[in-house]
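Here is the structure we will look at.
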Amino acid sequence: MDAFYASVELLRYPDLKGQPVVIGGGRRHEPVLREDGSREYARLRDYTGRGVTTTATYEARDLGVHSGMGLMKAAVRAPDAILLPMDFDAYRMYSRRFKAAVAELAPVIEDRGIDEIYIDLGDVPGARDAVGHDPLGGVRALAQEIKNNVRRATALSCSIGITPNKLLSKIASELDKPDGLTILTLDDIPSRIWPMSPRKINGIGPKAAARLATLGIHTVGEVAAADPAWLIEQFGRSFGAWLHEASHGRDERPVVTHSEPVSISRETTFERDLHARHDRAELGEIFTRLCVQLAGDLQRKGYLGRTVGIKLRFEGFRTVTRDLTLDLPVQDAEAIRAAAGACLKRVDLSQRLRLLGVRMGGLCRPGDVQARRRTPRPARAVAEPLPQNLTLF
DNA sequence: TCTGGGGTCCTAGGACCC
DNA sequence: TCTGGGGTCCTAGGACCC
């Protein structure tokens, strides 16, 4: 989906069409209805806090505002841009609608989050009918139908890439955004893919791209030209081999239509950094609230879990995790809170905190009888000796 | 003026088991 | 008396994605 959150908001506030709009941050900056019926919107320049841009309209992107960017930084680049808070319920509703619209025409769908899917057209009648005289005419028509159906169901546009595999489709879908439709064959790889930055490949992030650049590699084509043995030397057996394959557009992953969650979590970044001692009561409340929310999520979704984990982010952004695997799966807030509390005791809390999170892994369904480990776990040595008065929580 | 929240997967060491 | 090999589980951290 194109600029998904922002596009959904524009359906609600059509007067903002054509303007730089940024979605992100919290509650406070809802538009206010004036007496004459017009609306007063918050501007990016008025924002203070720790929020980030989740989505920016293409007009805002032209001003240098991109998703993931801190709103305070975005405000320097586009002070006059409109700022709207997130409305996840609305996005979820539109997400369901667009996926249902696609499924009417092509039911083999892999979920990739709220605004993205992979579709397997392999068995869709029509996609291959034209093979022989116009091999791609059939798929192009089908893709256009899918786009039409999504627009009919949601009034939103999407961009589609049609290629032999998921890796290439992900890249292709971004070649003609917004409202794009791009078809690529293996023959197009040298001309269309190799000139690109390695960053365009799903799985090459900022770190890998920076390392490639250090090695003098700035395009996918240069990765493809590199000796695979050398790539493995530089990046390890698994990632190095994958880099070689990916740069040649090779990807055998199937479209996965069903998957079970691995973990469920809740976390929150505080408006100001909190100290375990000075802000003990506040932190304790937040900690308990996270556990209660997590328990609610687990119960609503019908899972229990055996591995309770916590995540702490300190001032300066250093992140630490601890987890604890219980003998039996649990689901209730009290058990989660107790296990998470035990995890917390293993962390040095002398630095102030900016984030606290609670996570449940090792998920199973209530019916499952978990084979419980026969042997009790040995007591683990505490990694860091803790300052005496900071261990209580 | 630093950097959300919800996830997945990978690596690597140590414990433990056969 | 200085010592295998294979496997799983647990834990911590990090890269990456939407």
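Chain letters run A, B, ... following the sequence lines, proteins first and then strands; every chain starts at 1.
Out of B:dG5, B:dT1, B:dT3, the shortest distance to the side chain of A:R354 is found at B:dT3. Each of B:dG6, C:dC16, C:dC17 was ranked by its minimum atom distance to the side chain of A:N202; first place goes to C:dC17. Minimum atom distance to the side chain of A:V76 is reached by B:dT1, of the listed B:dT3, C:dC18, B:dT1.
Separating the CD1 atom of A:I204 from the C1' atom of C:dC16 is a distance of 11 Å, rounded to the nearest angstrom. To the nearest angstrom, P of B:dT1 lies 18 Å from CD of A:E315. One interatomic measurement links the two molecules: NZ of A:K311 to P of B:dT3, which rounds to 15 Å at whole-angstrom precision. If you measure from atom CZ of A:F317 to atom C1' of B:dT3, you get 4 Å, rounded to the nearest angstrom. Nucleotide B:dT1 holds its C1' atom 15 Å from the CZ atom of A:R45, rounded to whole Å. In this structure, A:F98 atom CZ and C:dC18 atom C1' are separated by 11 Å, rounded to whole Å. Computed from coordinates, the A:Y47 OH to B:dG4 C1' distance equals 9 Å when rounded to whole Å. In this structure, the CG atom of A:L355 is 14 Å from the C1' atom of B:dG7, given to the nearest Å.
The residue among A:S263 and A:T54 whose nearest nucleotide of DNA chain B is located toward the 5' end is A:T54.
Backbone-only contact: A:G203 has heavy atoms under 4.0 Å from sugar-phosphate atoms and none from a base. Counting non-hydrogen atoms under 4.0 angstrom, A:T268 reaches the backbone sugars and phosphates but no base. Within 4.0 Å of A:I23, counting heavy atoms only, lies no atom of the nucleic acid at all. In this structure, A:K166 reaches neither bases nor backbone, as no heavy-atom distance under 4.0 Å exists between it and the strands shown. Nucleic acid contact for A:A208: sugar-phosphate only, since backbone atoms but no base atoms lie under 4.0 Å from a heavy atom of the residue.
Using a 4.0 Å cut-off between a side-chain N of Lys or Arg and a carboxylate O of Asp or Glu, A:E116 and A:K170 qualify as a salt bridge. Here A:R300 pairs with A:D297 in a salt bridge; the nearest charged N to carboxylate O distance falls below 4.0 Å.
For the C1' atom pair drawn from B:dG4 and C:dC17, the interatomic distance equals 14 Å after rounding to whole Å. Spacing between C:dT3 and B:dC16 at atom P, rounded to whole Å, works out to 23 Å.
At a cut-off of 3.5 Å, with distance as the only test, no side-chain donor of A:E252 or A:N165 sits close to an acceptor on the other residue. If you check the side chains of A:T55 and A:S67, you find no donor sitting under 3.5 Å from an acceptor. In this model, a donor atom of one side chain and an acceptor atom of the other lie less than 3.5 Å apart for A:N149 and A:R152. A:R365 and A:Y303 share a donor-acceptor pair across their side chains, judged by distance under 3.5 Å alone.
Contact between the side-chain N/O atoms of A:R199 and the OP1/OP2 oxygens of C:dC17 is found at a separation under 4.0 Å.
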query = Under a cut-off of 3.5 Å for both distances of each Watson-Crick or G-U pair, what dot-bracket string does DNA chain B give, using [ ] for crossing pairs and | for inter-strand pairs?
reply = ....||||||||||||||

inquiry  = Let's go through A:S159 and A:S173 carefully: what are the C-alpha distance in whole Å and the side-chain angles of both, what is the deciding distance for side-chain hydrogen bond (donor to acceptor under 3.5 Å, both in side chains) to 0.1 Å, and is it a yes or a no?
reply    = CA-CA 6 Å; A:S159 295; A:S173 71; over 6 Å; no

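Geometric assessment of A:R211 against the ring of A:F235 yields a positive cation-pi assignment under the 6.0 Å and 45° thresholds. Remark: A:R61 is positioned above the aromatic ring of A:Y58, its terminal NZ or CZ atom under 6.0 angstrom from the ring centre and at most 45 degrees off the axis.
A:W242 places no side-chain N or O within 3.5 Å of a backbone atom of A:G203 that could act as its donor or acceptor partner.
Separation of atoms CZ (A:R354) and OG1 (A:T319) is listed at 9.0 Å; rounding is to 0.5 Å. Residue A:R237 holds its CZ atom at 6.5 Å from CD1 of A:I232, rounded to the nearest 0.5 Å.
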Grab the N/O contacts between the protein and nucleotides 9-14 of chain B below 3.5 Å, and write none if there aren't any.
none

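For A:Y13 and A:Y41, the ring centers sit closer than 6.0 Å to each other.
Contact check of residues 113-120 of chain A against DNA chain C (heavy atom, cut-off under 4.0 Å) returns A:D115, A:E116.
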